[in-house]
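For the numbers below, each heavy atom of this structure counts, side chains included, while hydrogens, waters and symmetry mates do not.
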Amino acid sequence: MSTAGLPFTVLAMCSLSCWYRALAAETTSIGKAVNVKWSSINGKTIIEWEPKPTNYTYTVEVAGEGANWKRKCIHITATECDVTDLLENVKDKYTARIISDVQDAEDFTEEFPYTDSPPFVPYEQTIIGKPVIDSYNFSKDDTKLTVIIKDPFTPYRFSNGSFKSIREIFNNDLKYTVFYRRASSTGKKQETSSSNEIVINVDQGESYCFYVQATIPSRSQNRDSQVSDEKCTTSNKNASAVFSTSEFIFLCSWMLLYWLL
């Protein structure tokens with residue numbers, strides 16, 4: 001190699017090295033997760049964040065208070081992760097850590113950037129889903145109406161594998177309120193109970209419409225659930241079905257047409 005060509009060769013090698021390092025830096029450029037938030041209904045809990053990754057992936061870790069980090073959703077390109085199975089102790093305070101990482105980390109010598117979520121306590125923060133009116137029964141003298149409410153299930157299981165209901169999570173801390181009215185009136189009354197069976201006083205021969213809401217009174221936030229679908233009874237105390245408002249209107253219209261004809 002001539003001495004005249006040496007500077008050019010060195011320059012070319014330096015340029016190639018600089019180009020490679022710039023390319024490596026570009027391909028390993030990693031952003032941090034932002035807007036990290038919890039989304040939880042009846043105990044099913046998903047952690048969400050932004051933005052969509054480019055040239056990197058995300059790994060999620062979750063830890064209870066004073067506990068070790070547990071990994072979930074490793075090297076994903078999605079911006080959400082179902083962490084329900086890591087939140088078994090519903091009264092613990094959890095933190096999720098969203099780590100921005102790369103699977104081939106040879107060119108990344110620093111610690112991967114991460115963002116921690118706000119704390120989350122399932123017992124205090126999971127939203128109670130819409131309750132379901134299972135059935136109703138009139139008393140023999142047609143002066144009382146018992147509304148029977150079906151508890152929503154949670155993703156948590158007993159040792160035998162069956163799912164726990166929200167009643168089995170919150171016990172007597174769970175209240176139900178029935179809001180009811182005469183079908184011919186807009187005036188509304190309510191009755192609250194710790195039981196899934198709520199008895200309300202009614203007038204003989206009257207039809208009633210009602211809906212249900214669940215409440216966790218001990219909470220400072222997210223105390224109330226969504227309301228259930230409204231149901232309406234017939235005036236017949238032996239009726240075995242519950243009619244929705246639209247079904248009730250249809251039935252009344254049909255009966256009116258029948259009498260007119």
Side-chain angles (χ1 to χ4, degrees), residues 40-44 90 123-156 162-261:
S40 182
I41 299 178
N42 292 336
K44 182 175 176 60
V90 295
Y123 192 90
E124 297 176 0
Q125 293 172 261
T126 192
I127 294 172
I128 305 303
K130 181 188 294 187
V132 175
I133 297 172
D134 193 33
S135 61
Y136 74 89
N137 294 289
F138 282 102
S139 61
K140 290 183 178 180
D141 62 0
D142 207 14
T143 61
K144 295 185 184 298
L145 177 66
T146 300
V147 179
I148 301 172
I149 305 156
K150 185 177 181 180
D151 292 321
F153 283 102
T154 74
Y156 302 112
S162 61
F163 290 102
K164 297 179 180 179
S165 70
I166 61 168
R167 170 68 66 192
E168 287 153 336
I169 297 294
F170 295 99
N171 299 304
N172 288 334
D173 204 10
L174 172 66
K175 313 290 184 186
Y176 283 115
T177 300
V178 173
F179 298 89
Y180 63 100
R181 61 180 175 83
R182 289 183 184 179
S184 58
S185 170
T186 57
K188 188 169 56 179
K189 297 181 180 180
Q190 66 186 68
E191 188 72 35
T192 300
S193 174
S194 297
S195 170
N196 289 58
E197 296 186 9
I198 301 180
V199 180
I200 56 179
N201 295 318
V202 295
D203 295 327
Q204 288 181 328
E206 289 285 345
S207 298
Y208 282 83
C209 294
F210 50 90
Y211 60 87
V212 177
Q213 186 174 46
T215 302
I216 311 294
S218 64
R219 289 180 170 184
S220 58
Q221 301 179 48
N222 298 324
R223 297 175 76 249
D224 300 325
S225 74
Q226 293 178 311
V227 298
S228 72
D229 295 332
E230 186 178 61
K231 303 292 183 179
C232 293
T233 73
T234 66
S235 59
N236 181 1
K237 68 180 182 181
N238 294 317
S240 59
V242 176
F243 294 93
S244 67
T245 303
S246 58
E247 291 170 335
F248 182 75
I249 293 172
F250 174 80
L251 180 62
C252 290
S253 300
W254 184 87
M255 292 176 66
L256 178 60
L257 181 62
Y258 175 81
W259 284 108
L260 290 174
L261 295 175

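Here the side chains of Cys232 and Ser207 are not in contact, with every heavy-atom distance at 4.5 Å or above. Considering only heavy atoms from C-beta on, Phe210 comes within 4.5 Å of Leu145 through its side chain. Counting heavy atoms from C-beta outward, Glu197 and Val147 have side chains that stay 4.5 Å or more apart. You'll find the side chain of Lys144 stays beyond 4.5 Å of the side chain of Phe138, heavy atoms only.
When the side-chain hydrogen bond (donor to acceptor under 3.5 Å, both in side chains) test is applied to Ser195, no partner is found at least two apart in sequence or on another chain. Checked against side-chain hydrogen bond (donor to acceptor under 3.5 Å, both in side chains), Ser193 has no partners two or more places apart in sequence or in another chain. Listed by chain and number, the residues in a side-chain hydrogen bond (donor to acceptor under 3.5 Å, both in side chains) with Tyr176 are Asp151 (sequence neighbours excluded). Contacts of Phe153 classified as side-chain contact (heavy atoms from CB on, under 4.5 Å), with partners at least two apart in sequence or in another chain: Phe163, Ser165. Applying the side-chain contact (heavy atoms from CB on, under 4.5 Å) criterion to Arg219, with sequence neighbours excluded, gives Thr126, Ile128, Phe170, Ile216, Asn222, Arg223. Partners of Gln226 according to the side-chain contact (heavy atoms from CB on, under 4.5 Å) rule, which considers only residues two or more places apart in sequence or in another chain, are Lys130. The side-chain contact (heavy atoms from CB on, under 4.5 Å) check on Ile41 picks up Ile127, with sequence neighbours excluded.
The backbone N or O of Asp141 lies less than 3.5 Å from a partner atom in the side chain of Gln204, making a donor-acceptor pair. Not one N or O on the side chain of Tyr123 forms a donor-acceptor pair closer than 3.5 Å with the backbone of Ile169. Asn42 places a side-chain N or O within donor-acceptor distance of the main-chain N or O of Gly129, the cut-off being under 3.5 Å. Under a 3.5 Å cut-off, the side chain of Asn196 and the backbone N or O of Ile149 do form a donor-acceptor pair.
Sorted pairs that involve residues 164-175 and meet salt bridge (charged side-chain N to carboxylate O under 4.0 Å, His left out), not counting sequence neighbours, are lacking altogether.
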What side-chain donor-acceptor pairs closer than 3.5 Å can you find for residues 183-190, not counting sequence neighbours?
from: Ser185; atom 1: OG; to: Gly187; atom 2: N; distance (Å): 3.0
from: Lys188; atom 1: NZ; to: Tyr211; atom 2: OH; distance (Å): 3.0

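Here the CZ-OH distance, from Arg182 to Tyr208, works out to 5.0 Å after rounding to the nearest 0.5 Å.
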